[in-house]
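Side chains included, hydrogens not; waters and symmetry mates left out as well; all remaining heavy atoms used. In this text, all values refer to a predicted model and were calculated from it rather than measured experimentally.
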Amino acid sequence: MTRYVWKPNSNAARSWFLQSKGPFWTVPLGRRDGSVSISNETDALPPPTSNFTVLTQLFAAVNLDAKDLVVLSAGHTIGTSHCFSFSDRLYNFTGMENPSDIDPTLEPQYMMRLKSKCASLNDNTTLVEMDPGSFKTFDTDYFKLVSKRRGLFHSDGALLTDPFTRAYVQRHATGAFKDEFFADFAASMIKMGNANQLTGSQGEIRKKCSVVNH
């Protein structure tokens, strides 16, 4: 499942976006990176259930602003998600746990389509495309979906609750400003890569970005 990652400023991340027809950016070299993976570090990532206030607070904690939020959210144009990351919008929006307890901000036809894939709150295996029909290509289709209230996560729909992020979504939902969006995304990726950098003896400067040094 695609989620926000605070330190993606590597050749590996850039290559991944290029392979999906996304933007290019120059990766600063000489950065220190960790040598182990720590599972609970993902607790700092914005959960898909976040509202706009929570999202902006979490982004601000790593020096990212509302523009970075709406730009980087478009990373959801690629990949899939398990039903449990959003099924409360379909069956348990207010805690009633029944088929009528839905998120009223979801576009009805999209909501029914999701219900046809995710049969219940207990579905922990089914995968759903985050950007249906275009989930392997980095493009502006994400903004088209969000503008139509077809964003998969709470956090996607939250972009319509703020005037600035809503205007950005609506502008790029037209598909007429692809180069502008790609430039914005590259800038936000570099900015995000500057967050929480390791210094001193922490971590290592990798000889090959995809693997630790031996």
Side-chain angles (χ1 to χ4, degrees), residues 1-6 20 39-40 42-61 64 66-173 175 185:
M1 172 168 45
T2 300
R3 294 283 185 84
Y4 307 105
V5 180
W6 293 131
S20 59
S39 61
N40 64 10
T42 61
D43 293 341
L45 302 179
T49 55
S50 300
N51 60 30
F52 189 79
T53 298
V54 172
L55 289 169
T56 53
Q57 289 173 345
L58 291 171
F59 271 65
L64 298 174
K67 182 175 182 180
D68 298 312
L69 166 59
V70 65
V71 168
L72 294 172
S73 292
H76 291 168
T77 190
I78 299 175
T80 59
S81 172
H82 284 98
C83 290
F84 63 76
S85 293
F86 58 85
S87 58
D88 64 312
R89 304 184 78 188
L90 311 177
Y91 300 105
N92 192 34
F93 187 63
T94 63
M96 296 171 60
E97 293 192 28
N98 66 57
S100 64
D101 192 16
I102 62 175
D103 183 348
T105 67
L106 268 178
E107 191 274 325
Q109 290 186 347
Y110 182 57
M111 181 269 295
M112 292 304 297
R113 189 180 308 164
L114 292 177
K115 278 194 168 186
S116 71
K117 296 178 180 293
C118 304
S120 73
L121 280 171
N122 300 318
D123 187 338
N124 295 319
T125 58
T126 303
L127 288 171
V128 175
E129 295 176 5
M130 292 192 286
D131 185 351
S134 182
F135 77 107
K136 293 183 180 180
T137 303
F138 191 94
D139 52 31
T140 58
D141 284 359
Y142 167 82
F143 294 116
K144 295 178 184 178
L145 293 172
V146 174
S147 70
K148 295 177 180 178
R149 298 189 294 123
R150 294 184 175 186
L152 187 61
F153 305 119
H154 290 268
S155 57
D156 297 322
L159 299 177
L160 297 178
T161 65
D162 173 78
F164 174 83
T165 54
R166 181 172 64 249
Y168 191 97
V169 167
Q170 292 171 340
R171 174 178 175 81
H172 291 284
F185 191 86

Student: Mind checking the CG-CG spacing from D103 to L90? Nearest 0.5 Å is all I need.
Tutor: 8.5 Å
Student: Closest heavy-atom contact between S147 and A173?
Tutor: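 In this case the closest contact between S147 and A173 is OG-CB, 3.7 Å.
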Student: Give, for atom CG of L106 and atom CG of L152, the distance between the pair rounded to the nearest 0.5 Å.
Tutor: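 Answer for the CG-CG pair, L106 versus L152, is 8.5 Å.
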Student: Which heavy-atom pair separates M96 from N98 by the least distance, and what is that distance?
Tutor: CE-ND2, 3.3 Å
Student: Could you tell me the separation between the OG1 atom of T161 and the CZ atom of R166, rounded to the nearest 0.5 Å?
Tutor: 8.0 Å
Student: Is there a side-chain contact (heavy atoms from CB on, under 4.5 Å) between Y142 and I78? Walk through the geometry before answering.
Tutor: CA-CA 9 Å; Y142 167 82; I78 299 175; over 6 Å; no
Student: Do any N or O atoms from the side chain of K115 and from the backbone of P99 form a donor-acceptor pair under 3.5 angstrom?
Tutor: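 A pair under 3.5 Å: yes.
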Student: Could you tell me which non-hydrogen atom of T126 sits nearest to which non-hydrogen atom of K117, and how far apart they are?
Tutor: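 Where T126 meets K117 most closely, the heavy atoms are CG2-O, 3.6 Å.
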Student: Side-chain donor-acceptor pair under 3.5 Å between D141 and T77, yes or no?
Tutor: no
Student: Atom CG of L121 and atom CD of E97: how far apart are they, to the nearest 0.5 Å?
Tutor: 6.0 Å
Student: Are P132 and L145 side-chain neighbours, meaning at least one heavy-atom pair lies under 4.5 Å?
Tutor: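 With C-beta onward as the side chain, the pair touches.
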Student: So, for F185 and G75, which heavy atoms are closest and what is the spacing to 0.1 Å?
Tutor: CE1-N, 4.2 Å
Student: Would you say C83 and V128 make side-chain contact, with heavy atoms under 4.5 Å?
Tutor: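 Yes, close enough: below the 4.5 Å cut-off.
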Student: For the pair Y168 and H172, name the ring-plane relationship: parallel under 30°, tilted 30 to 60°, perpendicular over 60°.
Tutor: tilted
Student: Check the pair D123 / S87 against side chain to side chain donor-acceptor pair (under 3.5 Å), numbers first and verdict last.
Tutor: CA-CA 8 Å; D123 187 338; S87 58; over 6 Å; no
Student: Under 3.5 Å, is there a donor-acceptor pair between the T49 and D88 side chains?
Tutor: no
Student: Would you please test D162 and L69 for side-chain contact (heavy atoms from CB on, under 4.5 Å) and show each step?
Tutor: CA-CA 11 Å; D162 173 78; L69 166 59; over 6 Å; no
Student: Between atom CZ of F143 and atom OG of S73, what is the distance when rounded to the nearest 0.5 Å?
Tutor: 8.0 Å
Student: Under the 3.5 angstrom rule, does the side chain of D156 hit a backbone N or O of R150 as a donor-acceptor pair?
Tutor: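 Between the backbone of R150 and the side chain of D156 there is no qualifying donor-acceptor contact (under 3.5 Å).
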Student: With side chains defined as the heavy atoms from C-beta onward, is the minimum distance between H154 and F93 less than 4.5 Å?
Tutor: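 Yes, close enough: below the 4.5 Å cut-off.
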Student: Can you give me the closest heavy-atom contact between S85 and P48, atom names plus distance?
Tutor: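 Heavy atoms only, the tightest pair is O-CG, 3.8 Å.
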Student: Which word best sums up how the rings of H76 and F153 line up, parallel for under 30°, tilted for 30 to 60°, or perpendicular for over 60°?
Tutor: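 Perpendicular.
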Student: Give the intermediate values and the outcome of side-chain contact (heavy atoms from CB on, under 4.5 Å) for residues T105 and R89.
Tutor: CA-CA 9 Å; T105 67; R89 304 184 78 188; 3.4 Å; yes
Student: Supply the atom-to-atom distance T165 OG1 to L55 CG, rounded to the nearest 0.5 angstrom.
Tutor: 9.5 Å
Student: Check this for me, if you would: do E107 and K148 make a salt bridge, where the nitrogen-to-carboxylate-oxygen distance has to be below 4.0 angstrom?
Tutor: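 Answer for the salt bridge query: no.
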Student: Can you name the nearest heavy-atom pair linking Y91 to C118, along with the distance?
Tutor: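 Heavy atoms only, the tightest pair is OH-O, 2.6 Å.
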